[in-house]
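Heads up, the thing below is written out as structure tokens.
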Amino acid sequence: MLYKPETFVHTQCSYIMAECYSFSTNLGSETEEGEEDHRKIYRYFTDLVSTFPCEPGVSSLLLYRYNGWYASLPSMVGIMAAGRHFKARPSDVLLATLPKSGTTWLKSLLFATVHRKLYAVDDDSRHPFTFHNPHECVPFLEYQVYVDNRIPNLDAIPSPRLFATHMPFQLLPKSVTDSGCRIVYLSREPKDNFTSLWHFSNNLREKEKIEPWSLGEAVDYFCNGVSPFGPYWDHLLGYWTAQSEQPEKVLFLKYEEMRKDPLGNVKKLAEFVGNPFTPEEEEGSIIDGIVKLCGFESLRDLEVNKSGKTELVFGSVENKLFFRRGVAGDWVNHLTPEMARRIDQTTESKLRGHRLTFS
Ligand code: PAP
């Protein structure tokens, strides 16, 4: 997908597109560093991460271990670069998820809600979602912003800026926690999260070189914590604990509850980010419009999501891969009772005593 400046006005979307997608030369960075310094930093982090232990996991790439967390080499480098450079503003909103827990959906709902005055949700001819996958509208810090061939200038983006991340709470850039910016975390039932991840990773593998993975082997990796940004349960608990300590700063949502009550959850999101719907808006059709615009079928059926691609640090991903079934409970169609039991038992033992459950 090419950047189409004419489709945007003065908003986060236009800046992000310009800064993050133009493979810019030095546009002036937050740290004022030149291109050569920038390359050196990435080389340094890449060399460093290469020395970490690595192993295969539920991923198309090898997963490197750092402080008990797993991520692919480029993602780990992105985490480190974001930690060094990212300067959060108190008005920023960070969307945090594990891969395949509904990131695309959350990005679309939050973007459409926050920018509802700029982009009417019923105006297909102008809405950014007609031209861009939600991943291009709300970029990942470690996959799209802090990557070695671009020097982002995030200073020019008007508030409120929206960013996304798969990082565990414990690895977030210090400026995020120091700034007190808001974090919205979306979790998903572990068996569904695993099933979605298995399909996605299988699709990304080099099909000519690598055989499809056995589901049983992938369940082992998952339960042993070797999945991208895993261990899955530790990731959940990081944000769950953060929410219980700072409920005004961290909102913890569940995919299954959003499926049941999307309208209520959109209202909750708008309030949490300090942009509540007015009584007139509540009476009108806008909340319903946002839910419809961001619904699974509506997004999946857009041409950009049928034939477009999104550039992420590990490659160019076909947008259609972000839209598979979009339901809760699809694991029953894939996992054997034994596999399901194994994941359930791991969940029970890891979450015991934390009052966090999934229906
Ligand atoms: P990411 O973390 O790599 O960005 P993410 O968007 O979390 O991916 O994962 C895609 C999952 O969200 C898919 O789940 P499935 O494999 O179980 O089907 C996808 O179908 C689902 N999804 C994408 N968009 C929506 C949506 N608008 N509403 C509900 N679910 C969605």
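Just so you know, these numbers use all the heavy atoms, side chains as well, and skip hydrogens, waters and symmetry mates. Not measured: the values here are computed from a predicted model. First listed ligand is number 1; within each ligand, the first listed atom is number 1.
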Within a distance under 4.0 Å of any heavy atom of [X], pick out the atoms of ligand 1 and give their elements.
X	answer
Ser196	11 (C), 13 (C), 14 (O), 15 (P), 16 (O), 17 (O)
Pro99	2 (O)
Ser101	7 (O)

Looking at Thr347, Ile343, Val219, which hits side-chain contact (heavy atoms from CB on, under 4.5 Å) with Lys191?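 When side-chain contact (heavy atoms from CB on, under 4.5 Å) is applied between Lys191 and each of Thr347, Ile343, Val219, only Ile343 qualifies.
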Taking both backbone and side-chain atoms of [X], is any N or O found less than 3.5 Å from an N or O belonging to ligand 1?
X	result
Phe323	no
Cys294	yes
Asp192	no
Gly326	yes

Could you tell me whether His334 approaches ligand 1 through its side chain, its backbone, both or neither, with non-hydrogen atoms closer than 4.0 Å?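 Neither part.
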Just let me know how Tyr255 lines up against ligand 1, side chain, backbone, both or neither, with a heavy-atom cut-off below 4.0 Å.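 It is the side chain that touches ligand 1; the backbone stays farther off.
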Pair [X] + [Y], salt bridge at N-O below 4.0 Å:
X	Y	answer
Arg182	Asp92	no
Asp288	Lys292	yes
Glu338	Arg341	yes
Arg39	Glu35	yes
Lys254	Glu189	no

[X] near ligand 1 by a heavy-atom separation under 4.0 Å:
X	result
His166	yes
His135	yes
Lys107	no

Hey, looking at [atom], which of [options] has the closest heavy atom?
atom	options	answer
atom 14 (O) of ligand 1	Arg324, His199, Lys100, Arg188	Arg188
atom 2 (O) of ligand 1	Thr103, Asn193, Val327	Thr103
atom 23 (C) of ligand 1	Trp198, Phe140, Phe322, Trp105	Phe322

Asn305 CG to Glu318 CD distance, which is reported to the nearest 0.5 Å: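 Between atom CG of Asn305 and atom CD of Glu318 there are 12.0 Å.
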Note the single closest protein heavy atom to atom 12 (O) of ligand 1, along with its residue, its atom name and the distance in Å.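 So the nearest neighbour among protein heavy atoms is Gly102 CA, 4.0 Å.
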Residue, atom name and distance, where the atom is the protein heavy atom closest to atom 6 (O) of ligand 1: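 That would be Thr104 OG1, 2.5 Å.
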Is the gap between the ring centers of His199 and His334 under 6.0 Å?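 Yes, the ring of His199 comes within the 6.0 Å limit of the ring of His334, centre to centre.
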If we only count heavy atoms from C-beta on, is the Ile290 to Phe111 side-chain gap below 4.5 Å?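 No. Closest side-chain heavy atoms not under 4.5 Å.
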Using a 3.5 Å distance criterion without hydrogens, assess whether the side chain of Thr97 forms a donor-acceptor pair with backbone atoms of Pro99.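 No; judged by distance alone, with no hydrogens or angles, the pair does not exist.
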Can you tell me if Arg205 has over 12 outside heavy atoms packed within less than 6.0 Å of its CZ?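 Yes - once you tally the heavy atoms of other residues, nucleotides and ligands closer than 6.0 Å, there are more than 12.
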